[in-house]
Amino acid sequence: IYLHGSNVSSIGGTIEIDGTDSSGITAVDAPLVNTTVINSAASGSKGIISKLENINTSQVINNVDITLLGDKSIGIYADSLDKNGIMLGNINIENNAEIKLGNGADIKESPVGMYGTKGVTLNNKNKISGGDKVVGMFSADGEVNNSGIIELGNSSVGIYQAGGKAVIENTAGIKVGSNEAIAIYMSKGAYVENKSSNILTGTDSIIAYVEGQGTKLLNSGNLDINTEGVAFYIKEGEIENHGDLRALGDGIIGFYGKNA
């Protein structure tokens, strides 16, 4: 379905995406309330795409499940930039259902639940789930608000905040697996406030990775550190911690600083 310049409050039905690098719904300058179930097992699929062209504000409200099991897939993709990287306006994305992802072949080209550029606010109020090497929410200099659940497998990243701002509410939960999984990854001067105590990682994983000058985490959640895990890994960034840390196994590190 391709929408341009229209305002659609409901679509309904089901879309099955069979081809690679295809999308279920593309909305250009078109606010959307989605009630269409979207399914795909193909590589590179996008459930919903939202873009700006001639207007300066738009939104997507997703109220039904999106299931994309192919690698390199993105559940909801929002881009408010022109071809030169100039911000055209603001897009608000609200997820009220479950976005289900499969496994990724490489974390650098991983499936992503919700993706937004500068000017995009991503709101997850329900659930994002996935397998190994998956990113739950990715923001490139935009904003993230997570009050829902993110549950992913091994070598995954719950929230990846590259610049911009993220808030993880006390109602939220983030669970990632083992093998260097990271619940919260922040870089490029991002500011992240975590209020949740429901953040869990597997063995040999990191709760929060803070990278780059000007990047800061403000934590008030009480957090458990699993075996061979690290609570806070700081690389030239800053952490202000007001929560309690509890070790659940052997070989754990509370704070690890590198050029911090």
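Source: prediction; values computed, not measured. Scope of the values below: all heavy atoms of this structure, side chains included, with no hydrogens, waters or symmetry mates.
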Taking the side chain as every heavy atom from C-beta outward, state whether I207 and V230 have any pair of such atoms under 4.5 Å apart.
no

Are the side chains of I25 and L3 in touch, meaning some heavy atoms are under 4.5 Å apart?
yes

Rounded to the nearest 0.5 Å, the CG atom of N123 sits from the CD1 atom of I61 at a distance of 10.0 Å

I'd like to know if the side chain of N198 reaches the main chain of L200, judged simply by a donor and an acceptor atom lying under 3.5 Å from each other, with no hydrogens or angles considered.
no

Can you classify the ring geometry of F255 versus F232 as parallel (below 30°), tilted (30 to 60°) or perpendicular (above 60°)?
tilted

Distance from L68 atom CG to I38 atom CD1, nearest 0.5 Å?
7.5 Å

Separation between OG of S156 and CG of N179, rounded to the nearest 0.5 Å:
10.0 Å

More than 12 heavy atoms of other groups within 6.0 Å of D106 CG:
yes

Would you call the rings of Y209 and Y233 parallel, tilted or perpendicular, taking 30° and 60° as the class edges?
parallel

Does atom CD (E16) have a neighbourhood of more than 12 heavy atoms from anything else shown, all under 6.0 Å?
yes

Using modelled atom types only, decide if a donor and an acceptor are shared between the side chain of S178 and the backbone of G202 within a distance under 3.5 Å.
no

Can you confirm whether more than 12 heavy atoms, excluding those of K216, are under 6.0 Å from its NZ atom?
yes

Any side-chain heavy-atom pair from K175 and L152 closer than 4.5 angstrom?
no

Determine whether more than 12 heavy atoms belonging to other residues, nucleotides or ligands lie under 6.0 Å from atom CD of Q213.
no

Atom NZ of K165 and atom OG1 of T121: how far apart are they, to the nearest 0.5 Å?
10.5 Å

Between CG on residue N95 and CG on residue N126, distance to nearest 0.5 Å:
6.0 Å

Within 6.0 Å of CD in E94, more than 12 heavy atoms from elsewhere
yes

Exercise: do E169 and S196 side chains pair donor with acceptor under 3.5 Å:
no

Checking N226 side chain against G229 main chain: does a donor-acceptor pair fall under 3.5 Å?
no

Side-chain heavy atoms under 4.5 angstrom apart, residues restricted to Ile, Leu, Val, Met, Phe, Trp, Tyr: same cluster for I239 and I159?
yes

Take E180 and S205, measure what side chain to side chain donor-acceptor pair (under 3.5 Å) needs, and give me the verdict at the end.
CA-CA 4 Å; E180 300 180 347; S205 294; over 6 Å; no

Does G237 offer a backbone N or O that forms a donor-acceptor pair with the side chain of T215 under 3.5 Å?
no

To the nearest 0.5 angstrom, please state how far the CG atom of L81 sits from the NZ atom of K51.
10.5 Å

